[in-house]
Amino acid sequence: MSPDGKKLTFAIAAVMVLGTMSMVFGTMASAALLASAANARRAALATDERRISLAHYARIATVLQHPRCMNCHTVTDFPRQGDDGHPHIMQVKRGPHDSGTPALQCTTCHQRTNSASGVPGNAVWHLAPLRMGWEGLSAGEICRSLTDPKRGGMTHERLIEHLATDPLVAWAWNPGVDLSGKLRSMPPISHADFGRLVRDWVASGAICPD
């Protein structure tokens with residue numbers, strides 16, 4: 001082969017190598033761009049899901065921090081009453097099982113249903129355990145306590161069942177009248193909406209605010 005032929009062959013081979021390298025690098029670059037775009041989409045979805053979950057919990061917290069819930073989730077040795085959370089007027093005590101002392105059980109006065117005289121009623125009337133006390137906690141701290149094993153936390157499935165279907169929780173939306181005959185206040189959203197929010201919150205990751 002003549003020198004010119006060898007030069008031409010070399011040039012063609014070089015062009016082919018460069019073309020192949022260009023295709024390889026181009027493919028790698030495209031793959032990197034696709035991966036970057038996928039990561040960005042996942043991050044955006046995670047951010048959006050977090051925002052949605054926090055929005056759900058913000059509405060849930062309006063119920064958990066309402067007096068109908070807080071009066072039983074005390075950190076004291078006694079239950080509270082009224083929207084102002086004053087100590088129980090009968091000076092009853094929590095007792096060893098959160099349902100009064102042996103001498104004065106909650107069910108002595110609290111029957112299965114609300115009384116026209118103003119005594120609230122439920123078949124299992126009792127205080128939440130001290131480890132589940134919410135007084136003094138922020139909305140975020142209450143949120144984290146819901147599933148904290150040290151605070152008597154529940155699995156997500158058990159939490160949904162308790163908050164959405166437990167009759168004692170549901171009493172908050174049927175609290176009857178107080179001793180003066182005035183209707184007790186209720187949480188700002190309906191019981192049905194509350195149950196749906198709890199389910200949606202869990203489904204979106206059960207994210208708690210800081």
Side-chain angles (χ1 to χ4, degrees), residues 57 59-102 104-137 139 141-149 151-179 182-202 206:
Y57 181 74
R59 296 187 66 197
I60 291 169
T62 66
V63 175
L64 303 183
Q65 294 181 302
H66 189 274
R68 297 292 77 75
C69 291
M70 294 297 291
N71 283 351
C72 286
H73 283 267
T74 72
V75 294
T76 60
D77 190 38
F78 54 83
R80 295 188 181 278
Q81 295 178 311
D83 287 350
D84 61 352
H86 61 263
H88 197 292
I89 61 171
M90 299 301 293
Q91 300 182 352
V92 297
K93 298 299 181 183
R94 173 182 291 276
H97 304 295
D98 308 307
S99 56
T101 62
L104 184 58
Q105 291 282 292
C106 294
T107 51
T108 302
C109 297
H110 296 278
Q111 303 301 303
R112 298 180 66 87
T113 59
N114 295 330
S115 166
S117 65
V119 179
N122 184 273
V124 289
W125 196 267
H126 62 85
L127 285 170
L130 279 171
R131 67 179 183 277
M132 298 174 69
W134 296 343
E135 286 181 309
L137 299 185
E141 289 169 332
I142 293 175
C143 181
R144 286 182 286 278
S145 77
L146 293 176
T147 55
D148 180 357
R151 303 292 302 277
M154 306 175 182
T155 64
H156 287 161
E157 292 74 18
R158 178 71 184 91
L159 187 63
I160 290 172
E161 178 186 355
H162 175 62
L163 294 179
T165 67
D166 190 296
L168 188 55
V169 174
W171 172 88
W173 285 269
N174 182 34
V177 299
D178 62 20
L179 297 180
K182 179 183 176 183
L183 285 172
R184 292 186 177 91
S185 66
M186 292 184 288
I189 58 178
S190 72
H191 185 226
D193 285 345
F194 180 62
R196 282 192 291 270
L197 281 168
V198 173
R199 294 184 181 92
D200 290 345
W201 174 63
V202 169

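Predicted, not measured: the structure shown is a model, and the values here were computed from it.
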Inset, instruction - Quick one: pull up CZ in Arg68 and CH2 in Trp173 and give me the separation to the nearest 0.5 Å. - result: 11.5 Å
Inset, instruction - Answer yes or no: is there a donor N or O on one side and an acceptor on the other, between the side chain of Asn114 and the main chain of Pro120, under 3.5 Å? - result: no
Legend entry - Test item: Arg196 side-chain N/O and Ala164 main-chain N/O as donor-acceptor pair under 3.5 Å: no
Legend entry - Heavy-atom donor-acceptor pair, His66 side chain to Met186 backbone, under 3.5 Å: yes
Inset, instruction - Side-chain contact test, heavy atoms from C-beta onward, threshold under 4.5 Å: evaluate it for Arg144 versus Asp148 and give yes or no. - result: no
Inset, instruction - For Leu130 and Thr74, work out which heavy atoms get closest and say how close. - result: CD2-O, 4.1 Å
Inset, instruction - Identify the two heavy atoms, one from Ser185 and one from Pro175, that lie closest to each other, and give their separation to 0.1 Å. - result: O-CG, 4.0 Å
Inset, instruction - Please say whether more than 12 non-hydrogen atoms of neighbouring residues, nucleotides or ligands are located less than 6.0 Å from NE2 in His162. - result: yes
Inset, instruction - Count the heavy atoms of every other residue, nucleotide or ligand shown that sit under 6.0 Å from CZ of Arg158, and state whether that count exceeds 12. - result: yes
Legend entry - Sidechain-backbone polar pair: Arg184 side chain, Val177 backbone, donor-acceptor under 3.5 Å: yes
Inset, instruction - Of all the heavy-atom pairs spanning Asn71 and Leu127, show the shortest one and how long it is. - result: O-CD2, 4.0 Å
Inset, instruction - Might you point out which heavy atoms bring His126 and Asp98 nearest each other, and give the distance in Å? - result: CB-O, 3.3 Å
Legend entry - Between CD1 on residue Ile189 and CZ on residue Arg59, distance to nearest 0.5 Å: 5.0 Å
Inset, instruction - Rounded to the nearest 0.5 Å, what's the gap from SG on Cys106 to CG on Asn122? Could you check? - result: 11.0 Å
Inset, instruction - Would you give the length of the straight line joining atom CH2 of Trp201 to atom CG of Leu163, rounded to the nearest 0.5 angstrom? - result: 8.5 Å
Legend entry - Option passing side chain to side chain donor-acceptor pair (under 3.5 Å) with Arg80 (candidates His88, Glu135, His86): Glu135
Legend entry - Main-chain N/O of Arg131 paired to Arg151 side chain as donor or acceptor, under 3.5 Å: yes
Legend entry - Sequence-distant partners of Cys143, disulfide bond (SG atoms under 2.5 Å apart), two or more places apart: Cys208
Inset, instruction - Decide yes or no on side-chain contact (heavy atoms from CB on, under 4.5 Å) for Cys69 and Val63, but give the supporting numbers first. - result: CA-CA 7 Å; Cys69 291; Val63 175; 4.2 Å; yes
Legend entry - Matching residue for His156 among Val198, Thr147, Leu146 - test: side-chain contact (heavy atoms from CB on, under 4.5 Å): Thr147
Inset, instruction - Quick one: pull up CD1 in Ile89 and CG in Leu179 and give me the separation to the nearest 0.5 Å. - result: 4.5 Å
Inset, instruction - Compare all side-chain heavy atoms of Phe78 with those of Val92 and state whether any distance is below 4.5 angstrom. - result: no
Legend entry - Main-chain N/O of Ile160 paired with Arg199 side-chain donor or acceptor, under 3.5 Å: no
Inset, instruction - Compare every heavy atom of Gly95 with every heavy atom of Asp77, then report the nearest pair and how far apart it is. - result: OD1-N, 4.4 Å
Inset, instruction - For Trp134 and Met132, indicate whether the former's side chain and the latter's backbone hold a donor-acceptor pair under 3.5 Å. - result: yes
Inset, instruction - Write down the atom of Met70, the atom of Leu64, and the distance for their closest heavy-atom approach. - result: SD-O, 3.4 Å
Inset, instruction - Kindly compute the distance separating CG (Asp200) from OH (Tyr57), expressed to the nearest 0.5 Å. - result: 16.0 Å
Inset, instruction - For Asp166 and Glu161, run side-chain contact (heavy atoms from CB on, under 4.5 Å): C-alpha distance rounded to whole Å, both residues' side-chain angles, the deciding distance at 0.1 Å, then the answer. - result: CA-CA 7 Å; Asp166 190 296; Glu161 178 186 355; over 6 Å; no
